[in-house]
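Worth saying up front: this structure is predicted, and the values here are computed from it rather than measured.
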Amino acid sequence: MRRCHPIIVALALISMWGTLVAATTTPPAPASPPLPLILGVERISPTAWAVLLHCPYPPYDLYVWTGNSTIQRPKALIRLAEARWQAQFAGALPEMATLYGCGQQAAFVVAYPTIVSPSEWIVGIGLVGAGACGMWLMWRRRPKPARPSAPAPLPAWSVHLHDDQGERTITLPHGLFSIGSDPACHLIVLGADIALRHAHLMVSETSVHIVDLASPSGVFSGPVRQRLRPHTPVPVDNNDIWLGTSVRLRLSRAQVTQPLLNYPLSAHTQKDRRSHP
């Protein structure tokens, strides 16, 4: 068992030879000023961080000293490229520390305040403005609710009357209307030979018919005043219609949105209108 001790000692010296040489040998002075030792500091996790180094040989002598805590040595040393190494440490990331190794020393601060540059402000304002413009364009192009259109004008008829009261124009909607001297009639006309219920006007969308209610003085049509047959609907054209010999009326088309009689109706007349379609 004693013969094994020299072999173990020799193997230990071989494994530690690189560390001993790096610790006892001073590196040669470079021909040009060395590059910065620290190339970057990276937070790997809340309990691990790493330092990127620029060193021409393995920095086995590397350690970090924070001034108020123990010296931290790397847990892992990884070669990334020629003369570039990543030294990984365990523990919290120090706010300020001094790094020793590779024949140099360097102080670094990792907890520095974030300062937004003017260019970053400009970019941020531009992004916000572009988003606002996009939202405005989308709002402008959204389909607008259709406005309720105005009711289409309904076809109606205008009646031009001439009797003992004078001349007047009355607009009639669709329906059945009575003509006579009775105050209960829809169209009240006055004349010496006008009956209480002289005639009916049957108004539709396309035509108007007049019906003589067997009045004593009759209903006449046309320039020759042809008498109409009682109780027979006769279409009214553009000719004048005569009730007896004293009342003349003529019908023509009129376009109105709310066809109403444009003369006042008594309560009895309104009740009589509601009894007809």
field: Side chain to side chain, Y63 and Q72, heavy atoms closer than 4.5 Å
entry: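 When only atoms from C-beta onward are counted, Q72 and Y63 do not touch, as no gap falls below 4.5 Å.
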field: Heavy-atom check, side chain of S204 versus side chain of H174, under 4.5 Å
entry: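 When only atoms from C-beta onward are counted, H174 and S204 do not touch, as no gap falls below 4.5 Å.
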Is [Y] reachable from [X] through a run of I, L, V, M, F, W or Y residues, each pair having side-chain heavy atoms under 4.5 Å apart?
X	Y	value
V64	I71	no
L93	L62	yes
L251	I210	yes
I170	L243	yes
L39	L80	yes

Reported [atom1]-to-[atom2] distance for the pair [X] and [Y], which is rounded to 0.5 angstrom:
X	Y	atom1	atom2	answer
R84	H54	CZ	NE2	6.0 Å
T98	W65	OG1	CH2	6.5 Å
F220	L228	CZ	CG	8.5 Å
L161	I241	CG	CD1	12.0 Å
D61	R73	CG	CZ	8.5 Å
L77	K75	CG	NZ	13.5 Å

What heavy-atom pair brings [X] and [Y] nearest, and what distance separates the two atoms?
X	Y	result
A48	Q88	CB-NE2, 4.3 Å
S217	G244	OG-CA, 3.5 Å
R197	D182	NE-OD2, 4.2 Å
C185	G180	SG-N, 3.7 Å
V219	A199	CG2-CB, 4.2 Å
A50	Q86	CB-NE2, 3.4 Å

query: With sequence neighbours left out, what residues match S252 under side chain to side chain contact (heavy atoms under 4.5 Å, CB included)?
result: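 Residues passing side chain to side chain contact (heavy atoms under 4.5 Å, CB included) with S252: S158, H160.
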- prompt: Would a distance-only check, ignoring hydrogens and angles, find a side-chain to backbone donor-acceptor pair under 3.5 Å from W242 to Q226?
  reply: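 Checking the backbone N and O of Q226 against the side chain of W242, no donor-acceptor pair under 3.5 Å is found.
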field: Within residues 78-97 or reaching into it, pairs that qualify as ring pair (Phe, Tyr, Trp, His ring centres under 6.0 Å) - sequence neighbours excluded
entry: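 Qualifying pairs: W49-F89.
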message: Surrounding CZ of R227 (heavy atoms of other residues, nucleotides or ligands, distance under 6.0 Å), is the total greater than 12?
response: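 It does: R227 CZ has more than 12 such atoms within range.
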message: Name the residue from V247, L249, L201 that meets the side chain to side chain contact (heavy atoms under 4.5 Å, CB included) definition with L187.
response: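 It is L201, the one option of V247, L249, L201 that forms the side chain to side chain contact (heavy atoms under 4.5 Å, CB included) with L187.
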message: Does anything in residues 39-88 form a disulfide bond (SG atoms under 2.5 Å apart)? List the pairs, not counting sequence neighbours.
response: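 Only C55-C102 qualify under disulfide bond (SG atoms under 2.5 Å apart).
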L52 vs E42, side-chain contact (heavy atoms from CB on, under 4.5 Å): CA-CA, chis, key distance, verdict: CA-CA 8 Å; L52 182 64; E42 177 186 5; over 6 Å; no
message: Among S246, S181, S215, which residue satisfies the side chain to side chain donor-acceptor pair (under 3.5 Å) criterion with D193?
response: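 Among S246, S181, S215, the one that satisfies the side chain to side chain donor-acceptor pair (under 3.5 Å) with D193 is S246.
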- prompt: Do R168 and D163 meet the salt-bridge criterion of a basic N to acidic O distance under 4.0 Å?
  reply: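 Answer for the salt bridge query: yes.
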